[in-house]
K.L.:
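Below are the structure tokens for one structure; questions will follow.
In this chain, numbering begins with 1 at the start of the sequence shown. Below, each value reflects all heavy atoms present in this structure, side chains not excepted, and no hydrogens, waters or symmetry copies.
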Amino acid sequence: MSAVEVSGVTKVFEVRSGRGAPRPRSSSTVRALDDVSLTVAEGEFVALIGPSGCGKSTLMRLIADLDEPSSGDVRVFGMPARRARLERAYGIAFQQSGLLPWRTVRANVELPLQLHGAPAADRRARADELIELVGLTEFADRHPDELSGGMQQRVAIARALAEHPRLLLMDEPFGALDEMTRERLQGELLRIRAETGAAVVFVTHSIPEAVFLADRVVVMSPRPGRITDIVAVERAPIAAGPGADAVRETDAFFRSVTAVREALHGREGAAPRGAEAR
Ligand code: ADP
Ligand code: MG
């Protein structure tokens, strides 16, 4: 069974223009996604990359059942997206950590468990285990505004993992962080993923981030939003762990970075395929 199966999905948004009252209201449509199909295997890490407006967030929202496709089908672990949401088959971490400022780190991580009626002692034990997993044990009783941005994102990841999801949906979770914090969290995410075995769908603008994290990098282009390439990442034989950063300096890493960059640049001028050759 696959973690995610997106089949022939199109998403069209109605956009109303002509804000001014005197003008008649005109309406047009945006094809945010056009006939998109993608399968993510159980335990697989897939990165989505592409310029702004190519439909990455829309695709994530459809997988998470935060919106519905205009046509086509989305399945999560074989279930319709709606049922997967009700069964809490996935955890979500987006660019804004979305932490509640009045709750401590521990209480934020406990929140989904509390909402779903887990007993207090179980909640606490699970939250403490996750807070340790993301390296924040000393900060369990602090509030979000006492933490750095990177630490807040780690809390958000811990919270996303609270209910043992087999799938994590992450939309630019490290987008607002400085490069050093970002690289550290990427390493941590790989470690966490190795420990939990969860599949991950991860949106990013960063080519090195996509290549460092993912098994496959899905390249998208806008107007209409489409998948234009899928690059299988060459893995150097260095696993997650303290030496994981060495991967960034291997030839295999550079080859994959180049492959993704070429896949992206092929669309940038919106030139038809083969135009450069002429
Ligand atoms: P990305 O995350 O890749 O930057 P999005 O999925 O956010 O792209 O958006 C894809 C396209 O769909 C954009 O043109 C965007 O303006 C449009 N869009 C997204 N959400 C809506 C919405 N709720 N209403 C109208 N247009 C939308
Ligand atoms: Mg987006």
Side-chain angles (χ1 to χ4, degrees), residues 1-19 25-98 111-112 115-116 156-157 159-173 175 198-205 214 216-230 267:
M1 199 207 309
S2 37
V4 179
E5 179 105 52
V6 173
S7 317
V9 161
T10 292
K11 178 66 181 176
V12 179
F13 288 109
E14 287 284 324
V15 189
R16 288 191 184 87
S17 47
R19 263 158 279 176
R25 195 186 65 193
S26 65
S27 126
S28 60
T29 59
V30 174
R31 267 180 120 68
L33 294 171
D34 185 52
D35 192 22
V36 166
S37 297
L38 175 67
T39 301
V40 180
E42 282 200 72
E44 188 184 22
F45 199 126
V46 167
L48 306 181
I49 198 165
S52 264
C54 71
K56 304 180 295 294
S57 295
T58 301
L59 183 53
M60 296 295 267
R61 292 175 55 78
L62 296 183
I63 296 169
D65 189 45
L66 299 171
D67 204 345
E68 290 179 4
S70 307
S71 62
D73 186 52
V74 177
R75 304 228 151 216
V76 178
F77 297 111
M79 298 178 267
R82 167 66 47 86
R83 209 176 115 217
R85 174 162 64 76
L86 297 177
E87 297 203 359
R88 306 189 284 277
Y90 50 81
I92 298 181
F94 287 170
Q95 179 166 5
Q96 300 306 322
S97 68
L111 184 63
L115 289 174
H116 299 134
I157 292 169
R159 186 185 51 189
L161 291 167
E163 299 186 276
H164 300 278
R166 288 181 294 153
L167 170 65
L168 275 178
L169 301 176
M170 309 181 85
D171 193 345
E172 302 192 47
V200 185
V201 184
F202 188 102
V203 172
T204 179
H205 276 114
R216 285 189 299 153
V217 179
V218 172
V219 179
M220 298 178 66
S221 73
R223 289 177 296 277
R226 282 192 180 139
I227 293 176
T228 49
D229 257 300
I230 297 184
R267 338 279 154 219

K.L.:
Taking the side chain as every heavy atom from C-beta outward, state whether Leu38 and Ile230 have any atom pair closer than 4.5 Å.
P.N.:
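Yes; the side chains approach each other to less than 4.5 Å.
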
K.L.:
Take Lys11 and Val36 through the test side-chain contact (heavy atoms from CB on, under 4.5 Å) and record every step on the way to the result.
P.N.:
CA-CA 9 Å; Lys11 178 66 181 176; Val36 166; over 6 Å; no

K.L.:
Distance from Ile92 atom CD1 to Arg61 atom CZ, nearest 0.5 Å?
P.N.:
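The CZ atom of Arg61 is 9.0 Å from CD1 of Ile92, to the nearest 0.5 Å.
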
K.L.:
Supply the atom-to-atom distance Leu48 CG to His205 NE2, rounded to the nearest 0.5 angstrom.
P.N.:
11.0 Å

K.L.:
May I have the list of side-chain donor-acceptor pairs in residues 72-83 shorter than 3.5 Å, sequence neighbours left out?
P.N.:
{"unit_1": "Asp73", "atom_1": "OD2", "unit_2": "Arg75", "atom_2": "NE", "d": "3.1"}
{"unit_1": "Arg75", "atom_1": "NH1", "unit_2": "Gly78", "atom_2": "O", "d": "3.1"}
{"unit_1": "Arg82", "atom_1": "NE", "unit_2": "Asp65", "atom_2": "OD2", "d": "2.8"}
{"unit_1": "Arg83", "atom_1": "NE", "unit_2": "Glu87", "atom_2": "OE2", "d": "3.1"}
{"unit_1": "Arg83", "atom_1": "NH2", "unit_2": "Glu87", "atom_2": "OE2", "d": "3.4"}

K.L.:
Taking all non-hydrogen atoms of both residues, which atom of Pro165 and which atom of Leu168 are closest, and how far apart?
P.N.:
CG-CD2, 4.4 Å

K.L.:
Find the distance between OG (Ser57) and CD (Glu172) and round it off to the nearest 0.5 Å.
P.N.:
6.5 Å

K.L.:
Treating Lys56 as the side-chain partner and Pro51 as the backbone partner, does any N or O pair qualify as donor plus acceptor under 3.5 Å?
P.N.:
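Yes, Lys56 side chain to Pro51 backbone: donor-acceptor pair under 3.5 Å.
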
K.L.:
What pairs with Phe202 under ring-ring contact (aromatic ring centres under 6.0 Å, His included), at least two apart in sequence or on another chain?
P.N.:
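Partners of Phe202 under the ring-ring contact (aromatic ring centres under 6.0 Å, His included) test: Phe45, Phe174.
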
K.L.:
Could you tell me which non-hydrogen atom of Val9 sits nearest to which non-hydrogen atom of Pro69, and how far apart they are?
P.N.:
CG1-CB, 3.9 Å

K.L.:
Should we say atom CZ of Arg88 is surrounded by more than 12 heavy atoms from elsewhere, each under 6.0 Å from it?
P.N.:
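Correct, the count exceeds 12.
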
K.L.:
Determine yes or no for a side-chain-to-main-chain donor-acceptor pair under 3.5 angstrom, with Ser70 supplying the side chain and Val12 the backbone.
P.N.:
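Yes; at least one donor-acceptor contact below 3.5 Å.
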
K.L.:
Evaluate side-chain contact (heavy atoms from CB on, under 4.5 Å) for Val201 paired with Leu59, printing each intermediate quantity in order.
P.N.:
CA-CA 10 Å; Val201 184; Leu59 183 53; over 6 Å; no

K.L.:
Is any side-chain heavy atom of Val4 closer than 4.5 Å to a side-chain heavy atom of Tyr90?
P.N.:
no

K.L.:
Do the non-hydrogen side-chain atoms of Asp67 and Thr58 ever get within less than 4.5 Å of each other?
P.N.:
no

K.L.:
Give the minimum heavy-atom separation between Asp35 and Gly8, together with the two atoms involved.
P.N.:
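Asp35 and Gly8 have their closest heavy atoms at OD1-CA, 3.3 Å.
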
K.L.:
Would you give the length of the straight line joining atom CE of Met170 to atom CD1 of Ile157, rounded to the nearest 0.5 angstrom?
P.N.:
4.0 Å

K.L.:
Measure across Arg216 and Thr39 and return the closest heavy-atom pair with its distance rounded to 0.1 Å.
P.N.:
NH2-O, 2.6 Å

K.L.:
Which residues pass the side chain to side chain contact (heavy atoms under 4.5 Å, CB included) test with Arg226, sequence neighbours left out?
P.N.:
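Counting only residues at least two positions away or on another chain, Arg226 forms a side chain to side chain contact (heavy atoms under 4.5 Å, CB included) with Asp34, Ser221, Pro224.
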
K.L.:
What are the two closest heavy atoms between Phe94 and Leu66, and how far apart are they?
P.N.:
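For Phe94 and Leu66, the tightest heavy-atom pair comes out as CE1-CD1, 4.2 Å.
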
K.L.:
Locate the shortest heavy-atom distance separating Pro222 from Gly53; write the atom from each residue and the value.
P.N.:
CB-O, 3.8 Å

K.L.:
Look up atom CG in Asp171 and atom CE in Met60, then write down how far apart they are to the nearest 0.5 Å.
P.N.:
5.5 Å

K.L.:
If you round to the nearest 0.5 Å, how far is OG1 of Thr204 from CD of Gln95?
P.N.:
10.0 Å

K.L.:
Is there a donor-acceptor pair closer than 3.5 Å between any side-chain N or O of Thr10 and the backbone N or O of Ser71?
P.N.:
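Between the backbone of Ser71 and the side chain of Thr10 there is no qualifying donor-acceptor contact (under 3.5 Å).
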
K.L.:
Flag yes if more than 12 heavy atoms outside Gln96 fall under 6.0 Å of its CD atom; otherwise flag no.
P.N.:
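Open: at most 12 neighbouring heavy atoms sit under 6.0 Å from CD of Gln96.
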
